[in-house]
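Reviewing the structure listed below.
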2 protein chains.
Amino acid sequence: MIQSHDSTIDTLIEPELGALLGVFALHNFIESLMDDIDSGIDVPHFERKIVVWLDRPKRIGALAREMNVLPSTMTTAADQLESRGLVVRERDPDDRRAWLLKLTQTGADLRSALVVMARTLLCETLDLSADELNSFARTSLKIHANIQKHTTC
Amino acid sequence: MIQSHDSTIDTLIEPELGALLGVFALHNFIESLMDDIDSGIDVPHFERKIVVWLDRPKRIGALAREMNVLPSTMTTAADQLESRGLVVRERDPDDRRAWLLKLTQTGADLRSALVVMARTLLCETLDLSADELNSFARTSLKIHANIQKHTTC
DNA sequence: TCTGGATATTTCGAAAAATGAAGCTTATCA
DNA sequence: TGATAAGCTTCATTTTTCGAAATATCCAGA
């Protein structure tokens, strides 16, 4: 198992690569924060993520694509959220095959609590300046919008 | 299942919230890109992610914390990577309990291929200006560094 | 208008992934 | 020196996700 030093190399970091790792790190950090926050809330982890993603009513299939899971996985999670009164399924008026997941008031309250607390911890913990945060948010929003273009239902 | 409109509300988006969603979206987007890229590479998904995370040799426990998984999960994944010749385990010279995961040349080659291709697709697909990308990368690197402070082994 | 192909979601068994308790070794501290 | 904590591993169990098949709906082209 132990080999000589010559058979391995150290890799270099380029700026964009650092950006990727930063995004990964931030994503994982936020996830671990969310795990910590709601140890008192009996909602499974993935379902909690869905609640955060539901900034507006979305189709099950679109949400699955955004979150990089299969539709069948999203179906199961939606069942869970629905049984807990956090979302309702509504027919998409534009397409009778499709369903919209929409937060209930209970779901929206949970979402607000999750997001506000995660965001507060994020700003305090990561020590970004106002400029950095605004710029990061602006680019991040643009990225989000551009990605939506690629996954629009 | 179908309820009246009065029982649900629409939520508003604040900028920092958009930033969070952007990060989530970007993370998922990169992951789906990586899924697409290496359909010809017989390495499971999580193990591929580990390869990207190994910008330098890291302890199994530290890596597990960074990636928000349990050490036992990381052990299994490391076994896989080792059996494929992508990493080697080396004793941490500072602590004989601990192991460092270090990329082999094969692992480093795979990492370069994954990262370069993902980054190229990222820049072309998401249409960021050079300023936006550099600023995003800079903040992202800072975020990464700050998060490392919270998970240092 | 009709038809064939594509799409949206669901079901449910199978597969994959992750957990978590227990164990061994090593490090730290009083 | 002894007690406690930390790092990693093992392996049985649980959880999560996949994926094939099915049904309903949509849509473009003939």
Side-chain angles (χ1 to χ4, degrees), chain A residues 1-2 28 31-32 34-36 39 42-51 53-54 57-84 87-102 150-153, chain B residues 1-2 28 31-32 34-36 38-39 41-51 53-54 57-84 87-102 150-153:
Chain A
M1 188 187 290
I2 298 183
N28 289 332
E31 292 230 334
S32 62
M34 282 171 66
D35 285 341
D36 292 343
S39 53
D42 185 26
V43 180
H45 176 74
F46 182 59
E47 280 79 6
R48 265 178 272 126
K49 271 185 80 173
I50 293 174
V51 167
W53 273 92
L54 282 175
K58 292 179 179 175
R59 285 188 183 179
I60 287 174
L63 201 47
R65 282 190 294 276
E66 275 188 278
M67 299 181 73
N68 200 30
V69 295
L70 291 181
S72 53
T73 304
M74 191 57 71
T75 296
T76 306
D79 289 345
Q80 278 269 19
L81 289 168
E82 202 171 27
S83 69
R84 287 179 155 88
V87 305
V88 288
R89 277 177 167 92
E90 290 180 355
R91 283 288 183 191
D92 187 331
D94 298 330
D95 185 339
R96 283 169 46 189
R97 299 170 300 183
W99 293 91
L100 297 178
L101 283 192
K102 190 169 185 176
H150 287 271
T151 58
T152 294
C153 54
Chain B
M1 188 185 295
I2 299 184
N28 289 333
E31 293 229 336
S32 62
M34 283 171 64
D35 285 339
D36 291 344
D38 41 293
S39 52
I41 306 177
D42 185 28
V43 180
H45 176 75
F46 181 59
E47 280 78 5
R48 267 179 271 129
K49 269 186 80 171
I50 293 173
V51 167
W53 274 91
L54 283 175
K58 292 179 179 177
R59 286 190 182 177
I60 287 175
L63 200 48
R65 280 189 294 276
E66 272 187 280
M67 298 181 74
N68 199 30
V69 297
L70 291 179
S72 54
T73 305
M74 190 57 73
T75 296
T76 305
D79 290 345
Q80 279 267 22
L81 289 168
E82 203 171 24
S83 70
R84 287 178 153 91
V87 304
V88 289
R89 276 177 166 95
E90 291 182 356
R91 284 287 183 192
D92 187 329
D94 299 328
D95 186 338
R96 282 169 49 188
R97 297 170 299 183
W99 293 92
L100 298 179
L101 283 190
K102 189 169 186 176
H150 288 269
T151 58
T152 296
C153 57

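Numbered from 1 within each chain, the chains take letters A, B, ... in sequence-line order. Everything numeric in this text was worked out from a predicted model, so none of it was measured.
- For the pair A:Phe46 and A:Gln80, the minimum side-chain heavy-atom distance is 4.5 Å or more.
- At least one side-chain heavy atom of A:Asp95 sits under 4.5 Å from a side-chain heavy atom of A:Arg59.
- A distance of 12.0 Å separates OG1 in A:Thr73 from CD1 in A:Ile60, rounded to the nearest 0.5 Å.
- Atom CZ of B:Phe46 and atom C1' of D:dT17 are 16 Å apart (whole Å).
- To the nearest 0.5 Å, atom CD of residue A:Glu66 and atom CH2 of residue A:Trp53 are 5.0 Å apart.
- What separates CG of B:Asn28 from C1' of D:dT17 is a distance of 15 Å, to the nearest Å.
- Atom CG in A:Leu70 sits about 16 Å away from atom P in C:dT11, given to the nearest Å.
- Here C:dT9 is the nucleotide among C:dT9, D:dT9, D:dT17 with the atom lying nearest to any side-chain atom of A:Arg59.
- Counting heavy atoms from C-beta on, the side chains of A:Arg89 and A:Asp79 come closer than 4.5 Å.
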Output a table of nitrogen or oxygen pairs between the protein and nucleotides 23-30 of chain C separated by less than 3.5 Å.
{"residue": "C:dA27", "atom": "OP1", "partner": "B:Arg96", "partner atom": "N", "Å": "3.0"}

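- One can place CD of A:Gln80 at 11 Å from P of D:dT15, the figure rounded to the nearest angstrom.
- A cation-pi arrangement is present between A:Arg91 and A:Trp99, with the terminal nitrogen or guanidinium carbon under 6.0 Å from the aromatic centre and inside a 45° cone about the axis.
- Considering only heavy atoms from C-beta on, B:Val87 comes within 4.5 Å of B:Glu82 through its side chain.
- Residue contacts for A:Ile60: at a heavy-atom cut-off of 4.0 Å it reaches the sugar-phosphate backbone alone, with no base atom in range.
- Atom CH2 in B:Trp99 sits roughly 8 Å away from atom P in D:dT9 (whole-Å rounding).
- In this structure, the helix from C:dT1-D:dA30 to C:dA30-D:dT1 shows an angle of 40° between the axis at its start and the axis at its end, each fitted on 5 base pairs and rounded to 10°.
- Atom-to-atom, CD1 of B:Ile50 to P of C:dA17 comes out at 11 Å; the value is rounded to the nearest Å.
- Rounded to a whole Å, the CD atom of A:Glu82 is 13 Å from the C1' atom of C:dT10.
- Rounding to the nearest 0.5 angstrom, the gap separating the CG atom in B:Asp92 from the NZ atom in B:Lys58 is 14.0 Å.
- Between A:Arg65 and C:dT7, a side-chain N or O to OP1/OP2 separation shorter than 4.0 Å is absent.
- OP1 or OP2 of C:dT19 has at least one side-chain nitrogen or oxygen of B:Thr73 nearer than 4.0 Å.
- Take the nearest nucleotide of DNA chain C for B:Asn68 and for A:Ala98: the residue whose nucleotide is more 5' is A:Ala98.
- Regarding B:Asp92, its CG atom lies at a distance of 8 Å from the P atom of D:dC8, rounded to whole Å.
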> Please walk me through it: do B:Glu47 and B:Arg84 pass salt bridge (Lys or Arg N to Asp or Glu O under 4.0 Å)?
Replying inline: CA-CA 11 Å; B:Glu47 280 78 5; B:Arg84 287 178 153 91; over 6 Å; no
